[in-house]
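One structure is given here, and the rest of the page talks about it.
So that the names make sense, note that chain A is the first sequence line, chain B the second, and so on, each numbered from 1. Model, not experiment: these values are computed from the prediction. These numbers come from the heavy atoms of this one structure, side chains and all, not from hydrogens, waters or symmetry mates.
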Amino acid sequence: MQAARRASTPLRALHGALLQRLRVQPTGAAWGVLRAMSGEAHAQGTYLDRSQVVDRVLSVLKSNAKVDPAKVSETASFQQDLGLDSLDEVEVVMAIEEEFALEIPDAEADKIKSTRDVIEYVASHPRAK
Amino acid sequence: MSTAAIAARRALQQQRSRVLYRKTLRNVLSWAVHRDIFYVEAQKIREQFEINKDVANLETIDRLLYEGETRVEKFQHPDPYIGNCASLKCRFSRFLDMGLPVFSSRQFS
């Protein structure tokens with residue numbers, strides 16, 4: 001019994017060395033599902049591309065019925081340029097939350113006053129989808 | 001009252017109305033789970049807010065805000081949706097999928 005154990009340790013050392021050198025990424029649908037369920041990517045935080053964020057934010061603003069699509073731009077202020085009410089601003093923030101699957105707390109939502117604020121917030125949020 | 005105090009009070013009331021509107025919309029989102037129903041209800045809520053849009057008297061505004069806040073407390077959902085699950089396929093396991101804390105029975109065994 002002990003002889004067998006002593007013989008297995010060099011094999012085990014080889015096994016360990018092999019594992020340290022080989023890092024095989026799990027591929028295939030099954031492994032992908034398991035990794036998604038483990039929440040690994042979720043914990044690291046996946047930031048979105050800024051250009052993608054800009055496109056999506058502008059499309060959300062343009063699809064709002066109270067907004068004139070011609071005036072929507074990256075630096076448009078909600079109250080001055082787009083002529084939105086304070087309640088309209090709340091609705092815009094809710095639409096952004098819906099688009100990017102976020103939950104924006106009240107303190108942050110009160111600070112969002114222009115398109116640039118929205119883009120900055122979403123681009124720097126680790127959980128934006 | 002000085003104009004600065006009046007302006008400060010107005011600003012506070014505007015912030016309270018914004019917070020109240022957000023709170024009612026979030027509450028409606030917990031009650032009206034499907035988005036198309038939510039949009040209809042949100043439009044109704046907006047119309048109720050619009051009725052009192054042009055009130056100028058500060059005391060009336062305070063009273064209206066107080067009434068709104070008590071109403072939203074009364075209609076608060078007992079088991080609200082925490083976090084935005086618009087992108088999830090299934091809301092049943094949303095706490096797991098969104099990384100929120102989950103209490104499993106294994107902890108208490």
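Residues A:Val90 and A:Ile104 fall into different hydrophobic clusters, defined by Ile, Leu, Val, Met, Phe, Trp and Tyr side chains chained together at heavy-atom separations under 4.5 Å. In this structure, A:Tyr121 is a member of the same hydrophobic cluster as A:Leu58, with clusters built from ILVMFWY side-chain heavy atoms closer than 4.5 Å. In this structure, A:Leu84 is not a member of the same hydrophobic cluster as A:Leu87, with clusters built from ILVMFWY side-chain heavy atoms closer than 4.5 Å. Follow the hydrophobic side-chain contacts under 4.5 Å out from A:Ile112 and you never reach B:Tyr21; the two are in separate clusters. Hydrophobic clustering keeps A:Phe100 apart from B:Leu25 (ILVMFWY residues linked when any side-chain heavy atoms are closer than 4.5 Å, directly or through intermediates).
Separating the CD atom in A:Glu103 from the CZ atom in B:Arg26 is a distance of 4.5 Å, to the nearest 0.5 Å.
Sparse packing is recorded around NZ of A:Lys71, with 12 or fewer heavy atoms of other residues, nucleotides or ligands lying under 6.0 Å away. Applying the 6.0 Å contact sphere to CZ of A:Arg116 captures no more than 12 heavy atoms from other residues, nucleotides or ligands. Summarising the local packing, NE2 of B:His77 is surrounded by more than 12 heavy atoms from other residues, nucleotides or ligands at distances under 6.0 Å.
With respect to chain B, the highest number of heavy-atom pairs below 4.5 Å among A:Glu91, A:Met94, A:Glu99 belongs to A:Glu91.
Evaluation of the side chain to side chain donor-acceptor pair (under 3.5 Å) rule for A:Asp106 yields B:Arg22 as partners, not counting sequence neighbours.
Contacts of residues 33-44 of chain B with chain A at a heavy-atom distance below 4.5 Å involve B:Arg35, B:Phe38, B:Tyr39, listed in sequence order. Of residues 12-20 of chain B, those residues with a non-hydrogen atom less than 4.5 Å from any non-hydrogen atom of chain A are, in numerical order, B:Gln15, B:Ser17, B:Arg18, B:Val19. Listed in order of number, the residues of residues 45-68 of chain B that approach chain A to under 4.5 Å between heavy atoms are B:Arg46, B:Phe49, B:Glu50, B:Lys53.
With a 4.5 angstrom heavy-atom cutoff, A:Leu102 touches chain B only via backbone atoms.
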